[in-house]
Amino acid sequence: MKAVILIGGPHIGTRFRPLSFEVPKPLFPVAGCPMIQHHIEACLKFPSIKEILIIGFYQRSREMTRFLSELQRKHNITIRYLQEHCPLGTGGGLYHFRDQILSGGVSSFFVFNSDVCCDFPVKEMYAFHKETKGCVILGTKANESQSVHYGCIVEDPKTHKVLHYVEKPETFVSDLINAGAYLFTQDIFQLLGDAFQCNYNEMNGTHDSCDAIDLERTVLKKLAAGGKLYLFMNTGFWSQFKTAGNAIYANKLYLSLYRKADHFLERLASSNDDIESPVIIGDVRIHSTAVVHPTAVLGPNVSVGPGVTIGAGARIKEAIILDRAEIKEHSCILHSIVGWECELGAWSRVEGYPSDPNPNDPFGNVPKESLFNEDGRLNPSITILGQGVRIDSEVMILNSIVLPHKDIGSSYRNQIIM
Ligand code: GDD
């Protein structure tokens, strides 16, 4: 069996700036590893999956190549990156690379959107597929006003057969939404082929874009109409990962997942009695090469990357600290992402504010919303420091985005610092 992960490409990363300047969004580290590694690890839990195909139109970057070869080595599984010649949409890449997907006698395969975070229930979806003999779509619940931003599903509650599928409807259809994970049978290639032919005829085969196919509006809609699609409800966490602001929330969700699986406190688990550990509150992941002063207080929901140093009395909460950042003594970082190789002076303060506090969250105040409004204007709820930013001692950066390699000598609030 195989799994496909759809990763899109650079132009989709605009809402992820300035972090997407340095790393393709699917490789952005969340809870200590690149975002799509969480998808890959979910696949590894289901040994029938022997090969993972990553489809997108990012250039074959150094990061991508290194990431894939390290994972292959570590897990002894084939992972291949198949690069589209232009954006082929959510269905065009599947059709274009159909031979690679079906090779080896594959009759069914998983497809995952890379920009969702979830403890993908692959085993359960497979069992459900065996029972129904149909294709399976993973669903989750959204609140009524939000559901129109997703694919909406109407099911038969007894059989879970999808009766009706509408992608991003204009008015409310259902609060059951498409969570961006599927198990398809090879039958979908007939539907993708029809969609391709239809595009081709419309454009007389004159343009590359005739290869682009919308999986949701063609395949899912038709599978539902033909009674061949079944809804499997996700019972665990689920969230989208569209903006840098979403990264803090995704970090929290995955940290909590790995705490339950009990394999994430690398640094603390391996610390010996000679090394004093910092004060840890809730879920915190510290890379084994990071050096954290024992009087620093970290958590909840903090990931600290390789080679980071954190000085005495620092306080870090709801944050991602990327590789080799240097956090001097008594700095305070809340609801923020600190980019690679940043330097924060003593007593500096980097803070975003949670504009969507969640009263049901025991730690409260996790920002969920986008950094940019639908019209592209700044709507920050976290602070982001791009790579190599240097903040002077005692400076405060509140609710702002700082572009890479800036030297900041005075305080800012609600700004994009270019
Ligand atoms: N390979 C490839 N090529 N991947 C693509 C392309 C493309 O041209 N365009 C988008 N993708 C990938 C994205 O990287 C993402 O992982 C996934 O396909 C879906 O991306 P979007 O096209 O941005 O769709 P969406 O997120 O607005 O909506 C989709 O996901 C929702 C769940 O998060 C739909 O499937 C909705 O129905 C669903 O509810």
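Since this is a predicted model, take the numbers as computed values, not measurements. Because only heavy atoms are used, hydrogens play no part in the values below, and waters and symmetry mates are left out as well, while side chains stay in. Counting starts at 1 for both ligands and their atoms, following the listed order.
Checking Asn113, Ile137, Ile177 against atom 19 (C) of ligand 1, the nearest heavy atom belongs to Asn113. Considering Gly89, Pro87, Ala181, Cys86 only, the shortest heavy-atom separation from atom 7 (C) of ligand 1 involves Gly89. Here the shortest heavy-atom distance to atom 28 (O) of ligand 1, taken over Lys168, Glu216, Glu84, belongs to Lys168.
The shortest non-hydrogen separation linking Ile153 to Ser174 is O-OG, 2.6 Å. Closest approach of Tyr58 to Pro10, counting heavy atoms only: CE2-N, 3.7 Å. The minimum heavy-atom distance linking Lys242 with Asp115 is given by the pair NZ-OD2, 2.5 Å.
Note: an N/O pair closer than 3.5 Å links Ile55 and ligand 1 by distance alone. For ligand 1, the polar-atom distance check against Gly151 finds a nitrogen or oxygen pair separated by under 3.5 Å. Residue Ala179 has no nitrogen or oxygen atom sitting less than 3.5 Å from a nitrogen or oxygen atom of ligand 1, judged on distance alone. Polar contact check, Gly8 against ligand 1: a nitrogen or oxygen pair lies under 3.5 Å apart. For ligand 1, one of its N or O atoms has an N or O atom of Leu6 under 3.5 Å away. Considering backbone and side-chain atoms together, Tyr150 places no N or O closer than 3.5 Å to any N or O of ligand 1. For ligand 1, one of its N or O atoms has an N or O atom of Ser114 under 3.5 Å away.
Between Ser147 and Asp175, the side chains place no donor N or O within less than 3.5 Å of an acceptor N or O (distance only, hydrogens not considered). Side-chain atoms of Asn178 and Tyr165 include a donor-acceptor pair closer than 3.5 Å. For the residue pair Thr78/Gln72, the side-chain donor-acceptor check at 3.5 Å is not satisfied.
In this structure, the side chains of Lys252 and Asp283 stay at 4.5 Å or more apart for every pair of heavy atoms.
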task = Check the pair Asn399, Thr383 against side chain to side chain donor-acceptor pair (under 3.5 Å), reporting the backbone distance first and the verdict last.
result = CA-CA 5 Å; Asn399 203 36; Thr383 285; 5.2 Å; no

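Contact annotation: for Phe112 versus ligand 1, there are no heavy atoms closer than 4.0 Å. Neither the backbone nor the side chain of Leu215 comes within 4.0 Å of ligand 1, counting heavy atoms alone.
Those atoms of ligand 1 with a heavy atom of Glu167 less than 4.0 angstrom away are 34 (C), 36 (C), 37 (O). Taking every non-hydrogen atom of Tyr165 and a distance limit under 4.0 Å, the qualifying atoms of ligand 1 come out as 37 (O). Counting the atoms of ligand 1 from 1 in the order shown, those under 4.0 Å from a heavy atom of Gln240 are 26 (O), 31 (C), 32 (C), 33 (O). Within the listing of ligand 1, atoms 35 (O) sit less than 4.0 angstrom from a heavy atom of Tyr182.
A ring-centre distance under 6.0 Å is found for Phe109 and Phe189. With ring centers used as reference points, His38 lies under 6.0 Å from Tyr258. Two rings, from Trp238 and Tyr254, have their centers 6.0 Å or more apart. In summary, the aromatic rings of Phe112 and Phe120 are positioned with their centroids under 6.0 Å apart.
The structure places CG of Leu138 at 4.5 Å from CG of Asn234, a figure rounded to the nearest 0.5 Å.
The closest approach between Lys242 and ligand 1 falls below 4.0 Å for a heavy atom of the residue. Distances from ligand 1 to the non-hydrogen atoms of Gly56 include at least one value under 4.0 Å. For the ligand labelled ligand 1, residue His149 lies outside the 4.0 Å heavy-atom shell. Residue Phe97 places no heavy atom under 4.0 Å from ligand 1. Residue contacts with ligand 1 leave out Tyr58, since none of its heavy atoms falls under 4.0 Å from the ligand. Residue contacts with ligand 1 include Trp238, since one of its heavy atoms falls under 4.0 Å from the ligand.
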